[in-house]
Amino acid sequence: MALLPIVLVPDPVLRQVAKPVETITPELRRLMDDMLETMYEAPGIGLAANQVGRLERVIVMDCADKHEGEEPQPLQMVNPEIIATSQETNTYNEGCLSIPEGLGDVVRPAAVTLRYLDPDGQSCELEADGLLATCIQHEIDHLNGILFTDHLSKLKRDMVLKKAKKIARDRQAG
Ligand code: K1U
Ligand code: ZN
């Protein structure tokens with residue numbers, strides 16, 4: 001497995017819409033394994049293909065609470081689709097591995113039902129709530145070129161992105 005560089009704002013790949021996967025190849029499975037390794041190392045709880053410069057509709061995540069002693073729960077999803085959402089909403093102070101040091105309260109449906117293919121091409125359905133539901137929506141937003149900052153007020157969005165872009169520039173300058 002390999003660690004992949006994580007793309008930072010304002011890279012245009014973060015604004016592109018990823019394309020559905022037609023065939024799950026060994027190369028795609030390898031990409032998803034590399035994405036999981038990259039996510040764990042960051043560390044983060046999710047990662048979408050756009051964030052490693054790829055435009056296939058694949059996401060990975062693990063929302064297990066290590067501090068509560070939960071076992072890892074890695075998920076690798078191909079062509080994820082939200083097929084139902086709750087009326088009830090939930091607010092979570094989200095971060096993003098592509099927006100360094102950015103945090104903001106995002107309101108989203110509290111529960112979602114998701115359909116996706118697993119790495120073996122099996123069709124799966126998952127009902128999620130809590131942090132997993134939030135993370136799924138954040139990652140599918142990435143596949144659609146949407147960042148969590150798009151859900152914030154303009155004032156908050158501009159503040160978060162200005163700071164993140166400066167950090168990204170400084171990191172690139174070494
Ligand atoms: O997609 C990403 O940018 C990853 C992002 C996912 C996410 C976080 C919060 C709410 C929704 C989606 C992250 O993982 S940011 C880092 C983070 O949340 C975290 C890092 C270490 C431990 C626990 C959480
Ligand atoms: Zn993100």
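Residue numbers start at 1 and run along the sequence shown. Counting convention: from 1, in listed order, for ligands and their atoms alike.
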Note: D158-K162 ion pair, threshold 4.0 Å (strictly below)
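No, this pair does not count.
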Salt bridge present between R29 and D33 (N-O < 4.0 angstrom):
no
Going only through I, L, V, M, F, W and Y residues with side-chain contacts under 4.5 Å, is there a path from [X] to [Y]?
X    : Y   : result
V9   : V7  : yes
M39  : I6  : yes
L152 : L14 : yes

Can you find a heavy atom in the side chain of [X] that is under 4.5 Å from one in the side chain of [Y]?
X    : Y    : answer
Q51  : T38  : no
P74  : Y40  : yes
L31  : L4   : yes
V112 : I140 : no

Tell me the contacting part of M61 for ligand 1: side chain, backbone, both, or neither, using a 4.0 Å heavy-atom threshold, strictly below.
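It is neither part, as no heavy atom is under 4.0 Å.
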Logged contact type for H142 with ligand 1, heavy-atom cut-off 4.0 Å, is side chain
Closest protein heavy atom to [atom], given as residue, atom name and distance to 0.1 Å:
atom                    : answer
atom 10 (C) of ligand 1 : E94 CG, 3.6 Å
atom 22 (C) of ligand 1 : I45 CG2, 4.7 Å
atom 11 (C) of ligand 1 : H138 ND1, 3.7 Å
atom 4 (C) of ligand 1  : G46 O, 3.1 Å

H142 pairs by side chain to side chain contact (heavy atoms under 4.5 Å, CB included) with which of L147, I59, L47?
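With H142 as partner, side chain to side chain contact (heavy atoms under 4.5 Å, CB included) holds for just one option, L147.
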For ligand 1, which is the ligand I care about here, please tell me if [X] has any N or O atom under 3.5 Å from one of the ligand's N or O atoms.
X    : answer
T134 : no
S98  : no
E139 : yes

Sort by chain and number the protein N/O/S atoms found under 2.8 Å from the Zn ion (ligand 2).
C96 SG, H138 NE2, H142 NE2
Ligand-residue contact atoms, ligand 1 with C96, heavy atoms, under 4.0 Å
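Taking each heavy atom of C96 in turn, ligand 1 has 3 (O), 15 (S) under 4.0 Å.
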List the steps and the verdict of side chain to side chain contact (heavy atoms under 4.5 Å, CB included) for K154 and R157.
CA-CA 5 Å; K154 179 168 165 30; R157 176 168 63 242; 3.8 Å; yes
Does A48 have a non-hydrogen atom less than 4.0 Å from ligand 1?
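Contact absent.
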Is it true that M39 lies under 4.0 Å from ligand 1, counting heavy atoms only?
no
With atom 5 (C) of ligand 1 as the reference point, say which of P43, G44, A42, G95 has the nearest heavy atom.
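Residue with the shortest heavy-atom distance to the ligand atom: G95.
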Tell me every residue that passes side chain to side chain donor-acceptor pair (under 3.5 Å) with E94, counting only those two or more places apart in sequence or in another chain.
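For E94 the side chain to side chain donor-acceptor pair (under 3.5 Å) partners, ignoring immediate neighbours, are R108, H138.
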